[in-house]
Amino acid sequence: FQEDWDKRFNLPRITDIYDLKPRPTTFSLKKNRSPAGDENGTPMDKWNGYVNSDDRALLKVIKYSSPNSAGAECIDPDCSWVEQWVHRAGPRKEIYYEPEEVKAAIVTCGGLCPGLNDVIRQIVFTLETYGVKNIVGIPFGYRGFFEKGLKEMPLSRHLVENINLAGGSFLGVSRGGAKTSEIVDSIQARRIDMLFVLGGNGTHAGANAIHEECRKRKLKVSVVAVPKTIDNDILLMDKTFGFDTAVEEAQRAINSAYIEVPFTLDGEYGVLRHLEHLLKIKGFCVVCVAEAAGQELLQKSGATDASGNVILSDIGVHMQQKIKMHFKDIGVPADVKYIDPTYMVRACRANASDAILCTVLGQNAVHGAFAGFSGITSCICNTHYVYLPITEVITAPKRVNPNSRMWHRCLTSTGQPDFH
Ligand code: ATP
Ligand code: MG
């Protein structure tokens with residue numbers, strides 16, 4: 001298992017298929033030299049600030065003494081003794097591209113998420129620090145690669161300096177239209193050497209397909225992703241940028257966990273009965289419901305969006321109607337207001353902690369590309385910044401276990417009964 005783990009988490013690199021000589025990095029780290037040395041009098045010029053390729057971070061740090069310890073249910077028993085090391089992110093001493101010759105492109109796909117502009121901005125800054133002169137933005141997601149009339153946008157520090165002050169994406173986003181071979185044709189025609197892809201699970205699947213196709217064609221292209229989701233539903237990571245902001249913006253415990261927990265409206269243990277109880281004791285109540293929750297209660301439209309994702313029916317509208325009807329039926333006057341915060345949550349600018357996360361993830365994406373990695377994603381695991389192979393994070397969405405402590409904490413902090 002240990003061998004299997006190490007192999008799975010080994011990062012794909014362009015040197016796997018080409019015989020390339022590295023060159024010393026041009027990313028300068030100010031040396032922390034002090035003539036006086038540290039308190040032991042040792043000169044501190046040994047510090048160079050670069051990450052070595054053998055540096056790893058440990059994914060799980062708890063040793064469960066028993067399989068029924070809280071949290072142990074998430075661990076595959078066969079793997080419990082495997083040391084789950086992942087590659088540390090950061091600048092390398094040696095790089096595989098000549099910065100002056102590099103053309104780098106940035107694309108944002110999928111839905112909007114706070115922090116996209118922060119990441120774009122940091123990628124541009126860091127590329128310029130390496131000495132890259134040719135940086136472009138691909139407008140409106142993967143479509144920007146092949147749709148007529150969409151022109152690539154030259155990017156520079158000057159242009160992106162203040163884009164973090166606004167929400168949304170400076171480059172625009174889109175869904176659908178991802179024909180990998182056409183995208184790679186376009187990458188080839190535009191002579192792109194590094195592609196930075198910001199997006200969710202679909203975008204990551206696309207980025208990995210682009211990486212594979214570039215390999216097949218023997219193109220020296222580094223494809224590096226930065227995960228973006230307000231739902232925090234990507235495997236292995238502590239959190240994705242935008243999540244904190246979204247939670248803060250929604251002002252309530254909008255927890256994607258609700259998606260996993262089935263509930264009923266009617267009956268003794270249904271939501272309506274609980275609302276009756278709350279109205280009686282408090283005179284008001286707030287219901288937070290995730291947009292994908294309770295789909296089995298709704299009529300399926302069968303429709304899909306441009307990316308092929310199933311369009312979910314609106315549970316909020318449905319619940320509002322049901323609740324109104326119920327209180328009318330039982331003769332209790334109740335005023336039911338429905339607020340859909342989707343764009344309030346998605347299109348605002350990142351808060352301070354997300355802005356910091358975006359800064360580091362964006363910088364590390366550039367370091368990863370220069371180090372010759374491709375088909376990787378830049379993220380935070382167990383409080384450390386790391387690179388993961390995209391293949392490991394797109395196998396399934398991260399789910400909340402309704403028997404876990406996390407879910408239990410959610411119930412105890414909201415006072416919500418377990419409806420299922
Ligand atoms: P969000 O979480 O906001 O939905 P997402 O990245 O999952 O973000 P999608 O619209 O599903 O958003 O996908 C974004 C882009 O990735 C689209 O252009 C889509 O065509 C492409 N894509 C999705 N799935 C795949 C896949 N399996 N292979 C290649 N490309 C894909
Ligand atoms: Mg998605």
Side-chain angles (χ1 to χ4, degrees), residues 105-117 119-120 137-147 150 167-169 171-187 195-216 223-235 237 239-243 245-247 249 254 256 259-260 290-292 295 303-312 341-348 350 354 358 361 365 374-375 377-379 388-399:
I106 311 173
V107 63
T108 59
C109 316
L112 287 180
C113 171
L116 283 169
N117 287 336
V119 180
I120 296 170
I138 304 295
F140 298 107
Y142 287 139
R143 280 167 189 268
F145 274 113
F146 50 79
E147 235 171 65
L150 293 179
S169 166
L171 301 175
V173 292
S174 75
R175 295 191 186 276
K179 294 172 210 117
T180 306
S181 62
E182 284 184 31
I183 293 173
V184 178
D185 290 348
S186 171
I187 288 174
L195 176 62
F196 298 96
V197 186
L198 281 49
N201 55 343
T203 306
H204 272 66
N208 202 53
I210 294 169
H211 154 75
E212 293 290 351
E213 181 65 21
C214 287
R215 285 204 148 193
K216 224 166 76 192
V223 183
V224 179
V226 184
K228 165 237 72 161
T229 147
I230 57 161
D231 300 331
N232 203 25
D233 58 351
I234 301 193
L235 286 176
M237 306 165 191
K239 65 173 181 180
T240 47
F241 74 82
F243 177 65
T245 309
V247 172
E249 201 62 26
I254 292 179
S256 53
I259 292 169
E260 263 84 53
E291 55 189 355
Q295 291 297 306
T304 52
D305 70 13
S307 293
N309 303 310
V310 176
I311 295 181
L312 301 168
T342 308
Y343 275 84
M344 242 162 76
V345 166
R346 281 184 179 273
C348 60
D354 271 333
C358 290
L361 297 180
S374 179
T377 191
S378 162
C379 57
L388 298 177
I390 292 178
T391 44
E392 287 301 323
V393 303
I394 55 173
T395 49
K398 183 160 79 184
R399 289 185 177 279

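In each ligand, atom 1 is the first atom listed, and ligand 1 is the first ligand listed.
Y142 contributes a side-chain N or O that, together with a main-chain N or O of A207, makes up a donor-acceptor pair within less than 3.5 Å. Not a single donor-acceptor pair under 3.5 Å links the side chain of D354 to the backbone N or O of G115. Counting only distance, with no hydrogens or angles, the side chain of T229 and the backbone of D231 share a donor-acceptor pair below 3.5 Å.
Ligand 1 has a nitrogen or oxygen under 3.5 angstrom from a nitrogen or oxygen of S307. Taking any N or O of G111, backbone or side chain, at least one lies under 3.5 Å from an N or O belonging to ligand 1. Among the atoms of S174, none of the N or O lies under 3.5 angstrom from an N or O of ligand 1. Below 3.5 Å of separation, one finds an N or O of G200 facing an N or O of ligand 1.
When only non-hydrogen protein atoms are considered, atom 30 (N) of ligand 1 lies nearest to G206 CA, 3.3 Å. Remark: minimum distance from atom 31 (C) of ligand 1 to any protein heavy atom is reached at G202 O, 3.4 Å. Looking at atom 12 (O) of ligand 1, its nearest protein heavy atom turns out to be R175 NH1, 3.1 Å. For atom 7 (O) of ligand 1, the closest non-hydrogen atom of the protein is N201 OD1, 2.4 Å. Closest to atom 8 (O) of ligand 1 among all protein heavy atoms lies K228 NZ, 3.3 Å. The single protein non-hydrogen atom nearest to atom 6 (O) of ligand 1 is T203 OG1, 2.4 Å, given as residue, atom name and distance. Counting only heavy atoms of the protein, atom 26 (C) of ligand 1 lies nearest to A205 CB, 3.5 Å. Taking atom 21 (C) of ligand 1 as the reference point, the nearest protein heavy-atom neighbour is A178 CB, 3.7 Å.
Counting all heavy atoms, side chain and backbone alike, L150 lies closest to P139 at CB-CG, 4.0 Å. Contact detail for G141 and S174: the closest heavy-atom pair is CA-OG, 3.7 Å.
Within the protein, the N, O or S atoms sitting under 2.8 Å from the Mg ion (ligand 2) are N201 OD1.
Residue-ligand proximity: N309 is placed with a non-hydrogen atom under 4.0 Å from ligand 1. Under a 4.0 angstrom heavy-atom cut-off, G176 registers as being in contact with ligand 1.
In summary, of the residues considered (N232, D233, I230), a side-chain contact (heavy atoms from CB on, under 4.5 Å) with F243 occurs for N232 alone.
A distance of 6.0 Å separates CZ of F145 from CD1 of I210, quoted to the nearest 0.5 Å.
At a threshold of 4.5 Å between non-hydrogen side-chain atoms, the residues P397 and N201 do not count as touching. The shortest side-chain heavy-atom distance between V393 and H204 falls under the 4.5 Å cut-off. Contact check for T240 versus C379: no side-chain heavy atoms found under the 4.5 Å cut-off.
A salt bridge links E213 to K216: one of the charged nitrogens lies within less than 4.0 Å of a carboxylate oxygen.
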Would you please test T377 and M237 for side-chain contact (heavy atoms from CB on, under 4.5 Å) and show each step? CA-CA 11 Å; T377 191; M237 306 165 191; 4.2 Å; yes
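Judged as a salt bridge (charged side-chain N to carboxylate O under 4.0 Å, His left out), not a single pair has a partner in residues 196-209 (not counting sequence neighbours).
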